[in-house]
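A short worksheet on the structure shown next.
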Amino acid sequence: MKKQLNLDYLQGNTYFVDNIKEIYLEIGHQWLLNLPTQVIQLSEKWGFEFTQTMPELSYSFVALVKCQNKPAIIKIAPPQQSLARESLCLSSFHKDSPIIFHFDEKSNAILMEYIYPGEPLKNLVKAGQDEQATKIICGIIRELRFQDIPQQHSFKHLSELANDLSILKGHFDEKLLNKAIYLFQELTVDRSEDIMLHGDLHHDNILSSDHGWKIIDPHGYIGEPTAEVGAMIRNPYNCFPTDKPLRKILERRLSILKAELPYDIERIKAWCYCISVLSVAWTYEGFKKVNASEVALVQALSQVCF
Ligand SMILES: Nc1ncnc2c1ncn2[C@@H]1O[C@H](COP(=O)(O)OP(=O)(O)O)[C@@H](O)[C@H]1O
Ligand SMILES: [Mg+2]
């Protein structure tokens, strides 16, 4: 445990460290400094030993630990990213996801089952098998489509997310933005088929296990099942396929979504578009700049879809 006290355990995770500092400024810096103490306190409370930090962290601290002689995962997030919904979502899924051993609201931490081998679905995309990866995601979306809404929850309805788009006014193409605002409204009128959605179902949040693909890291929203397509269309953002021009890749993915999912293709396209614009807005909110690749994707989607 001593090793943790000098922040060595974050070595190689500069993307995560930079994200936290850039988004949460001084509070984020303090949160990072306090992480070792938090890990030690939680290890005493829950009876685990720190093993190693997971590679490729982005917005939360995730580490492999040993609990009762078995590997487990500890996830701690800054207070602004509450893990309460993630914990409820993971415990409520019918689809395979890690078992939650403990959740602590005050430390905003979860101790959960370690998914082994835990290869992200992204590796298939990296290996040039984007079609196969898209079909696997479709299979998972089909399994998730009858997911009940828990009796007590604090999940946002997708319609509420549309408010986040307004931050883009003056910083993003007005026509493209208005299109997203209009579509968001149209898509959330009928709520008769609403379920609990994962809400961030992309290639990094789908891990291999000896018992098939498991899902991690849900945002947890209420909305129509078709909306689940929104996260995968623009991902994996750091190794998006390049075997064809962007438009062709989007067309290929959309044709697989159409063939594999029991949903109206117009709604699939509209959700892909809306959630991709929302992602531009969230990036702007966090980093105070629009991300050129995200904008290029929205432009290409708009040409392909409408
Ligand atoms: N239960 C788990 N079993 C195995 N690996 C995990 C588990 N949870 C997270 N990871 C690994 O840690 C990474 C980051 O965790 P994640 O919950 O997705 O955090 P973030 O919110 O930062 O995306 C994942 O992409 C995965 O590689
Ligand atoms: Mg993740």
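Ligands are counted one by one from 1 in listed order, and the atoms in each one are counted from 1 as well.
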> Is there a side-chain hydrogen bond (donor to acceptor under 3.5 Å, both in side chains) between D194 and H157 once you walk through the steps?
Replying inline: CA-CA 9 Å; D194 281 1; H157 191 271; 2.8 Å; yes

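Within the protein, the N, O or S atoms sitting under 2.8 Å from the Mg ion (ligand 2) are N205 OD1, D217 OD2.
For the residue pair Q81 and Y24, a side-chain donor N or O sits within less than 3.5 Å of a side-chain acceptor on the partner. Between the side chains of R191 and S159, at least one donor N or O sits under 3.5 Å from an acceptor N or O. Under the 3.5 Å distance criterion, with hydrogens and angles disregarded, no donor-acceptor pair is assigned to the side chains of N34 and Q38.
Using a 4.0 Å cut-off between heavy atoms, D204 contacts ligand 1 through its backbone alone, with no side-chain atom that close.
The distance from ligand 1 to the heavy atoms of N205 drops below 4.0 Å at these ligand atoms: 18 (O). Per-residue contacts place M112 under 4.0 angstrom from the following atoms of ligand 1 (heavy atoms of the residue considered): 1 (N). Of all atoms in ligand 1, numbered sequentially from 1 with element shown, those under 4.0 Å from a heavy atom of L207 are 4 (C), 5 (N), 6 (C).
Shown are H171, K289, E294; of these, the side-chain hydrogen bond (donor to acceptor under 3.5 Å, both in side chains) with Y284 is made only by H171.
Taking distance alone, with nitrogen or oxygen atoms compared against 3.5 Å, Y114 stays at or beyond that limit from ligand 1. Considering backbone and side-chain atoms alike, E86 places every N or O at 3.5 Å or more from each N or O of ligand 1.
Note on K135 versus D130: no salt bridge recorded, every NZ/NE/NH1/NH2 to OD/OE distance being 4.0 Å or above. Comment: E224 engages R267 in a salt bridge, judged by a side-chain N to carboxylate O separation of less than 4.0 angstrom. Salt bridge annotation for E174-K169: absent, with no cationic side-chain nitrogen under 4.0 angstrom from a carboxylate oxygen. Residues R142 and E228 are not paired through a salt bridge, judged by the lack of any N-O separation under 4.0 Å between the basic side chain and the carboxylate.
Cluster annotation: L187 and I265 are assigned to the same hydrophobic cluster (Ile/Leu/Val/Met/Phe/Trp/Tyr, side-chain heavy-atom contacts under 4.5 Å, transitive).
Looking only at protein heavy atoms, the nearest one to atom 2 (C) of ligand 1 is I73 CG1, 3.5 Å. Closest to atom 14 (C) of ligand 1, if we only count protein heavy atoms, is V62 CG2, 3.8 Å. Nearest protein heavy-atom contact of atom 3 (N) of ligand 1 is I115 N, 2.9 Å. The closest protein non-hydrogen atom to atom 26 (C) of ligand 1 is I216 CD1, 3.9 Å. Nearest non-hydrogen protein atom to atom 20 (P) of ligand 1 is D217 OD2, 3.4 Å. Scanning the protein heavy atoms around atom 22 (O) of ligand 1, the nearest turns out to be S58 OG, 3.0 Å.
Among E119, E113, K75, M54, the residue whose heavy atom sits closest to atom 16 (P) of ligand 1 is K75.
Distance remark: protein heavy atom present below 4.0 angstrom from atom 9 (C) of ligand 1.
Using a 4.0 Å heavy-atom cutoff, S60 is listed among the residues neighbouring ligand 1.
Under the 4.5 Å side-chain criterion, counting only non-hydrogen atoms from C-beta, H219 is not in contact with C89. Contact check for N19 versus F287: side-chain heavy atoms found under the 4.5 Å cut-off.
With a 6.0 Å cutoff to the six-membered ring centre and a 45° limit on the axis angle, K70 does not count as a cation-pi contact of Y114.
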